[in-house]
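Following: one structure in structure tokens, then a few remarks.
No experiment lies behind these values; they were computed from the predicted model shown.
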Amino acid sequence: MWMIPGQNQTRVSEFILLGFSSDPTTNSILFTVFLLIYLSSVMGNGLIILLICLDSHLHTPMYFFLCILAMLDMSYVTTTLPQMLLNLLAHSKTISFAACWMQMYVFSGLGITECTFFVVMAYDRYVAICYPLHYTVILNWGLCIRLATGSLVCGFLSALLHTFFTMSLPYCGPNKVNHYFCESPAVRSLACMDTHLIEMVDQGLSVFMLLIPISLIVTSYIHIAMAVLKIKSTQARCKAFSTCASHLTVVSFFYGPGTYIYMRPNSSYSPERDKQIHSFTMPLVPC
């Protein structure tokens with residue numbers, strides 16, 4: 001900890017990540033499980049990226065977006081899991097204030113980017129099914145790159161505001177974060193001031209960043225469903241629906257936990273439940 005100039009108050013210079021358990025045996029089991037999850041995620045997403053890059057037949061907008069999603073998923077788990085794996089085996093579970101700030105920012109940035117990127121992928125399916133003859137004209141490579149870049153910029157700019165609200169709060173002890181990474185609500189609960197206003201603003205941002213993408217995705221799939229139902233051939237109809245099934249599955253697994261964690265009332269916040277939800281919804285391989 002260090003002293004705040006001109007005040008008889010200390011400010012923490014590092015946090016302690018409590019993780020899941022303090023029992024060495026339990027931690028050894030968890031280390032093995034999460035190491036396998038991490039390796040599966042990296043190898044699975046890595047293979048998807050490699051195959052798409054090597055096969056010229058897959059150089060289409062849909063697979064371009066899938067490649068970007070795989071990169072996001074790899075980065076997403078790499079932001080949190082290596083730190084957690086280290087803490088499961090290490091005696092010291094500390095993380096510096098700056099490293100905590102950076103981890104929170106990158107995690108939030110990637111999460112919001114993926115949140116908006118699912119809208120881009122829904123738009124891709126909308127154009128492919130509703131305007132199949134104009135698909136390559138509408139979704140040209142220039143537009144694809146702009147959509148991917150726009151999602152990234154939107155995600156990390158929003159995360160900067162989100163992280164600034166949390167990390168600018170005064171932290172003068174305790175410094176034990178009841179989580180396995182620097183997650184915003186868990187860190188914010190340690191601030192030595194009333195955070196009610198910050199929580200309201202942060203929750204408002206979360207609602208904004210979740211509800212708008214969900215609304216756009218639902219709108220896209222309503223138009224897709226209307227277009228598919230007009231197809232007379234049952235086989236063609238099933239084929240059209242199957243192209244959207246994997247995207248809808250991933251969207252459900254992503255937005256479901258995210259909506260619960262970041263849109264629920266602050267009074268119902270539960271660190272233990274949040275840790276479990278985060279651990280069981282880690283992205284593995286995009287469909």
Side-chain angles (χ1 to χ4, degrees), residues 44-45 48-49 51-53 55-74 76 110-155 158 206-263 281-287:
N45 286 293
I48 288 175
I49 295 169
L51 287 173
I52 292 174
C53 291
D55 192 342
S56 59
H57 294 94
L58 300 180
H59 294 175
T60 63
M62 182 181 75
Y63 286 102
F64 169 73
F65 293 141
L66 184 62
C67 185
I68 298 295
L69 182 62
M71 291 179 185
L72 288 172
D73 283 344
M74 285 178 64
Y76 200 66
L110 290 169
I112 299 172
T113 298
E114 193 159 341
C115 194
T116 56
F117 197 70
F118 279 125
V119 179
V120 174
M121 297 185 75
Y123 177 68
D124 168 71
R125 293 298 81 209
Y126 164 74
V127 175
I129 292 174
C130 297
Y131 303 97
L133 299 179
H134 303 283
Y135 178 66
T136 54
V137 177
I138 296 174
L139 275 174
N140 56 72
W141 285 111
L143 178 60
C144 290
I145 292 172
R146 288 196 298 272
L147 288 172
T149 304
S151 298
L152 195 67
V153 171
C154 175
S158 301
S206 298
V207 170
F208 180 78
M209 295 309 301
L210 282 168
L211 284 186
I212 290 182
I214 290 173
S215 300
L216 292 173
I217 291 172
V218 169
T219 302
S220 295
Y221 275 101
I222 288 173
H223 284 88
I224 288 171
M226 291 171 62
V228 171
L229 290 174
K230 292 178 182 178
I231 300 174
K232 295 181 179 180
S233 170
T234 304
Q235 185 178 1
R237 192 183 304 165
C238 292
K239 184 179 179 180
F241 273 128
S242 67
T243 62
C244 303
S246 57
H247 178 253
L248 281 173
T249 301
V250 176
V251 165
S252 299
F253 278 110
F254 182 84
Y255 282 103
T259 301
Y260 171 78
I261 292 172
Y262 297 107
M263 287 179 60
T281 57
M282 291 175 185
L284 294 175
V285 180
C287 298

Between OH on residue Tyr221 and CG on residue Leu216, distance to nearest 0.5 Å: 13.0 Å
Atom of Cys130, atom of Ala227 and distance for their closest heavy-atom approach: SG-CB, 3.7 Å
Distance (rounded to the nearest 0.5 Å) between Ile52 CD1 and Leu66 CG: 4.5 Å
Candidates Val218, Ile224, Thr219 - the one meeting side chain to side chain contact (heavy atoms under 4.5 Å, CB included) with Ile222: Val218
Spacing of Cys115 atom SG and Leu110 atom CG [to the nearest 0.5 Å]: 12.5 Å
Interatomic distance, Arg146 atom CZ to Asn140 atom CG [nearest 0.5 angstrom]: 6.5 Å
Non-hydrogen side-chain atoms of Leu139 and Tyr135 separated by less than 4.5 Å: yes
Pair Met74-Ile49, side-chain contact (heavy atoms from CB on, under 4.5 Å): steps then yes or no: CA-CA 10 Å; Met74 285 178 64; Ile49 295 169; 3.7 Å; yes
Test item: Ser158 side-chain N/O and Gly155 main-chain N/O as donor-acceptor pair under 3.5 Å: no
Residue Tyr63 excluded, over 12 heavy atoms near OH under 6.0 Å: no
Nearest-0.5 Å distance, CZ of residue Phe64 to SG of residue Cys53: 10.5 Å
Between OG on residue Ser220 and CG on residue Asp124, distance to nearest 0.5 Å: 10.5 Å
Taking every non-hydrogen atom, the tightest pair across Lys230 and Met226: CG-O, 3.3 Å
Val127 and His134, any side-chain heavy atoms less than 4.5 Å apart: no
Met209 versus Thr116, closest heavy-atom pair with distance: CE-CG2, 4.1 Å
Non-hydrogen atoms of His59 and Trp141 that approach each other most closely: O-CZ2, 3.2 Å
Nearest heavy-atom neighbours spanning Leu143 and Ile138: CD2-O, 3.1 Å
4.5 Å side-chain heavy-atom contact, Phe117 and Leu147: no
Identified side chain to side chain contact (heavy atoms under 4.5 Å, CB included) counterpart of Met121 within the set Leu69, Val251, Val250: Leu69
